[in-house]
Colleague: 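Below are the structure tokens for one structure; questions will follow.
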Amino acid sequence: MPISFTCPHCGHHTDVAEQYAGQSGPCSRCGKTITVPSLYGTPAAFAPPPKQSSRLVTLVIVLAAAAGVAVVCGGILLALLLPAVQAAREAARRAQCSNNLKQIALAMHNYHDTFHCFPPAYTVDKDGRPMHSWRALLLPYLADPAADAYDFDQPWDSPANQAVTQSSISTYRCPSDMPFPPNGTSYVMITGPGMLSDGTSCTNMQKITDGLSDTIMIVEVTGANIPWAEPRDLEAAKITFEINDPQVTGISSQHPGGAHCAMCDGSVHFLSNATDPKQVQAMCTIAGDENAEAPDQFQRIP
């Protein structure tokens, strides 16, 4: 079907075959360049795109750019907030750990009021075999439900006590101490000659001549894997008294910079990693006559 069109320059009318639609060439009369229109009367090669499509493309580009900016800003904001969130969570865990030790120290004093001495590290049967840890002995003074289920006439690892000793006692667990066995403990005594207990011995306040406020009663430990009911603690002869010593399992925690301890007067302190091990050892003895006043790194917890 021939295409009929008029030259826009000279007005010459002509017909061309449809195969030339959209092509350009000289007018047969004036010689100026003209473009053959399409069958619909519009030059095919120069049909403009719909304005709406252009706006849509622009909108998509703008939205994509905004999304990219939001992702980048969100990432930066998260990077800035994450340390603060982690610090706040650790502060809460550290406060809970301190509160656990305060409850334990209060239970120790209530035990002292009843028996006129602090509990021994563990008790033994008539044949000298370990029976119960000091943590088991404190259950009635912590008002823990496990106290009713625990059979003090049977050893801690007897079948009669198996169910209760496999349970978790929240007061005996530091929330920062992870991973953690369900029946584990984060709190132990330092045992040995001259300490609060050498194992089976119990000590009353009158024997603590170094001063209740300067003598350590309970310390924090991490990674020891000690069940709370097991008659096992930290032996003074096997630790270095360095806080968070990487070479041995001793006084330690997963709190940044140090570990908690409870004193014989019931107060709770935070021992810095920088504390002199000799000073810590002196504070663990009850009557060594050492200069065992709390060092500068010894932070009292209100």
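Hydrogens, waters and symmetry mates are skipped; everything else that's a heavy atom, side chains included, is used. The chain is numbered in sequence order, starting from 1.
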Colleague: Do Leu138 and Met108 come within less than 4.5 Å of each other through their side chains, counting heavy atoms only?
Modeller: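 The answer is yes; the side chains approach within 4.5 Å.
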Colleague: Are the side chain of Asp265 and the backbone N or O of Ser267 linked by a donor-acceptor pair below 3.5 Å?
Modeller: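 At least one qualifying donor-acceptor pair exists.
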Colleague: Can Arg173 be said to sit on top of Tyr187's aromatic six-ring, NZ or CZ under 6.0 Å from centre and within 45° of the ring axis?
Modeller: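 Arg173 over Tyr187 ring: no.
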Colleague: So, for Pro120 and Tyr111, which heavy atoms are closest and what is the spacing to 0.1 Å?
Modeller: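 That would be CD-OH, 4.1 Å.
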Colleague: For Ala147 versus Pro140, what's the shortest heavy-atom pair and its separation?
Modeller: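 Taking Ala147 first and Pro140 second, the nearest heavy atoms are CB-N, 3.8 Å.
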Colleague: Are the charged groups of Lys278 and Asp276 less than 4.0 angstrom apart, N to O?
Modeller: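 A salt bridge is absent here (no side-chain N lies under 4.0 Å from a carboxylate O).
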Colleague: Look at the side-chain heavy atoms of Ile, Leu, Val, Met, Phe, Trp and Tyr, link any pair under 4.5 Å apart, and say whether Val164 and Phe152 land in one connected group.
Modeller: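 Shared cluster, yes.
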Colleague: Can you see which heavy atom on Ala224 is nearest to which on Val221, and at what distance?
Modeller: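 Where Ala224 meets Val221 most closely, the heavy atoms are CB-CG2, 3.8 Å.
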Colleague: Hydrophobic clustering (ILVMFWY, side-chain heavy atoms < 4.5 Å, transitive) - are Val248 and Ile226 grouped together?
Modeller: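 In one cluster with Ile226: Val248, no.
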Colleague: With rounding to the nearest 0.5 angstrom, report the CD1 to SG distance, Ile251 to Cys261.
Modeller: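 The distance works out to 7.5 Å.
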Colleague: Show the numbers, then the answer: is there a ring-ring contact (aromatic ring centres under 6.0 Å, His included) between Tyr122 and His132?
Modeller: CA-CA 5 Å; Tyr122 59 89; His132 311 295; over 10 Å; no
Colleague: Arg135 pairs by side chain to side chain contact (heavy atoms under 4.5 Å, CB included) with which of Leu142, Thr171, Val188?
Modeller: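 By the side chain to side chain contact (heavy atoms under 4.5 Å, CB included) criterion, Arg135 pairs with just one of Leu142, Thr171, Val188: Val188.
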Colleague: Where do Val124 and Arg129 land on the side-chain contact (heavy atoms from CB on, under 4.5 Å) test, with the steps shown first?
Modeller: CA-CA 5 Å; Val124 296; Arg129 290 174 298 193; 5.9 Å; no
Colleague: To the closest 0.5 Å, what do you measure between CD1 (Ile216) and CE (Met283)?
Modeller: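 Separation between the atoms: 4.5 Å.
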Colleague: What are the two closest heavy atoms between Ala146 and Ile169, and how far apart are they?
Modeller: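 Answer, listing the atom of Ala146 first, then Ile169: CB-CD1, 3.7 Å.
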Colleague: Do Cys284 and Met195 have side chains that get closer than 4.5 Å, going by heavy atoms?
Modeller: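 Yes, side chains in contact.
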Colleague: Distance-only, no hydrogens or angles: does the Asn99 side chain make a donor-acceptor pair with backbone N or O of Lys102 under 3.5 Å?
Modeller: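 Such a contact is absent between Asn99 side chain and Lys102 backbone.
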Colleague: Would you say the side chain of Pro277 lies within less than 4.5 Å of the side chain of Thr240, judging by non-hydrogen atoms?
Modeller: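 A side-chain contact under 4.5 Å is absent here.
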Colleague: Between His255 and His260, is the ring centre distance below 6.0 Å?
Modeller: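 Here the rings of His260 and His255 have centres that are less than 6.0 Å from each other.
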Colleague: Roughly how far apart are Lys207 NZ and Cys202 SG, rounded to 0.5 Å?
Modeller: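 Between atom NZ of Lys207 and atom SG of Cys202 there are 7.0 Å.
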Colleague: Please examine the side chains of Thr123 and Trp134, heavy atoms only from C-beta on, and report whether any two atoms are closer than 4.5 Å.
Modeller: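 Trp134 does not reach Thr123 side chain to side chain.
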Colleague: Without swapping roles, check the side chain of Trp156 against the backbone of Trp228 for a donor-acceptor pair under 3.5 Å.
Modeller: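 A pair under 3.5 Å: no.
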Colleague: Heavy atoms only: give me the nearest Gly250-Leu234 pair and the separation to one decimal.
Modeller: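 In this case the closest contact between Gly250 and Leu234 is C-CD1, 3.7 Å.
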Colleague: Mind running side-chain hydrogen bond (donor to acceptor under 3.5 Å, both in side chains) on Ser252 and Asn244 for me, showing each step along the way?
Modeller: CA-CA 4 Å; Ser252 56; Asn244 286 311; 4.5 Å; no
Colleague: What do the steps show when you test His112 against Thr114 for side-chain hydrogen bond (donor to acceptor under 3.5 Å, both in side chains), and what is the final call?
Modeller: CA-CA 5 Å; His112 190 287; Thr114 301; over 6 Å; no
Colleague: State, yes or no, whether a side-chain contact exists between Asn183 and Thr165 at a heavy-atom distance under 4.5 Å.
Modeller: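 The answer is no, as the side chains (C-beta and beyond) never meet within the 4.5 Å cut-off.
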Colleague: Nearest 0.5 Å, please: how far is SG in Cys117 from CE in Met205?
Modeller: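 The CE atom of Met205 sits 10.5 Å away from the SG atom of Cys117.
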Colleague: Any side-chain heavy atom of Val219 within less than 4.5 Å of one from Ile190?
Modeller: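 Side-chain contact under 4.5 Å: yes.
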Colleague: Go through it in stages, so that I can follow the logic: the residues are Thr191 and Asp233, the test is side-chain hydrogen bond (donor to acceptor under 3.5 Å, both in side chains), and I'd like the CA-CA distance, side-chain angles, deciding distance and then a yes or no.
Modeller: CA-CA 7 Å; Thr191 63; Asp233 290 272; 6.0 Å; no
Colleague: Below 4.5 Å, heavy atoms only, C-beta onward: do Tyr150 and Asp144 meet side chain to side chain?
Modeller: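 Not in contact.
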Colleague: Thr249 and Ile239: which non-hydrogen atoms are nearest, and at how many Å?
Modeller: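 Minimum heavy-atom separation between Thr249 and Ile239: O-CG2, 3.6 Å.
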Colleague: Would you call Thr215 and Leu196 a side-chain contact if the rule is heavy atoms closer than 4.5 Å?
Modeller: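 No, their side chains stay 4.5 Å or more apart.
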Colleague: As a test of understanding, state which of Glu90, Glu220, Arg94, Gln96 forms a side chain to side chain donor-acceptor pair (under 3.5 Å) with Ser176.
Modeller: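 When Glu90, Glu220, Arg94, Gln96 are each tested with Ser176, the side chain to side chain donor-acceptor pair (under 3.5 Å) holds only for Glu90.
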Colleague: Is the His109 to Phe118 ring centre distance short of 6.0 Å?
Modeller: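 Yes, the ring of His109 comes within the 6.0 Å limit of the ring of Phe118, centre to centre.
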Colleague: Quick check on the hydrophobic clustering: are Ile104 and Tyr141 connected, directly or via other members, by side-chain heavy-atom contacts under 4.5 Å?
Modeller: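 Shared cluster, yes.
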